Participant: 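Sharing a structure below in C-alpha cells format, with a few things to ask.
Just so it is clear, the structure is predicted and the values come from calculations on it, not from any experiment.
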Amino acid sequence: VPLWVFFLFTWVLGPVLAPRLLLSVLALKGTTDRLCGFDARYTAGAPFAYALGSLLQADSAFHHWTRRVTWKGRGV
C-alpha cells in the first residue's frame with residue numbers, strides 16, 4: 001500500500017467519515033510530540049502538512065500513471 005493512501009485516509013477522509021478518529025490521532029501525536037520536547041505549534045500544524053503531503057503524492061501518482069513524467073528523455 002502506498003504511503004500516500006495512509007495519509008489520505010488518516011488526515012483527509014478520516015475526519016469526514018469519523019471525526020473522533022482525527023481527535024484520537026491528534027491526541028496521540030500531541031502526546032508523543034510533547035514527550036519528545038517539540039513545540040505545540042508543530043503538533044497543531046501537522047494535519048495541514050500531512051494533507052498537503054497527501055495532495056502532492058496523489059498528484060505525483062497521477063502524473064506517473066498518465067505517463068507525463070520523463071527522466072533523461074524517457075517515460076517513467
Participant: Hey, does the side chain of R41 reach the backbone of G45 with a donor-acceptor pair shorter than 3.5 angstrom?
Facilitator: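 Side chain of R41 to backbone of G45, a donor-acceptor pair under 3.5 Å: no, none is there.
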
Participant: Just verifying a value: how many Å separate L28 CG and T43 OG1, rounded to the nearest 0.5 Å?
Facilitator: 10.5 Å

Participant: Please walk me through it: do L56 and L52 pass side chain to side chain contact (heavy atoms under 4.5 Å, CB included)?
Facilitator: CA-CA 6 Å; L56 182 63; L52 289 178; over 6 Å; no

Participant: Indicate if W71 and V69 have the same hydrophobic cluster label, given that clusters are the connected sets of ILVMFWY residues with side-chain heavy-atom separations under 4.5 angstrom.
Facilitator: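 The answer is yes; both residues are in one hydrophobic cluster.
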
Participant: Donor-acceptor pair, T66 side chain versus F62 backbone, under 3.5 Å?
Facilitator: yes

Participant: Run the side chain to side chain contact (heavy atoms under 4.5 Å, CB included) test on Y42 and K29 for me, step by step, so that the C-alpha distance in whole Å, both residues' side-chain angles and the decisive distance to 0.1 Å come before the verdict.
Facilitator: CA-CA 10 Å; Y42 177 80; K29 176 147 181 54; 3.6 Å; yes

Participant: Supply the atom-to-atom distance R34 CZ to D39 CG, rounded to the nearest 0.5 angstrom.
Facilitator: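 The distance works out to 6.5 Å.
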
Participant: When hydrophobic residues are tied together by side-chain contacts of less than 4.5 Å, even through go-betweens, does W65 share a cluster with V5?
Facilitator: yes

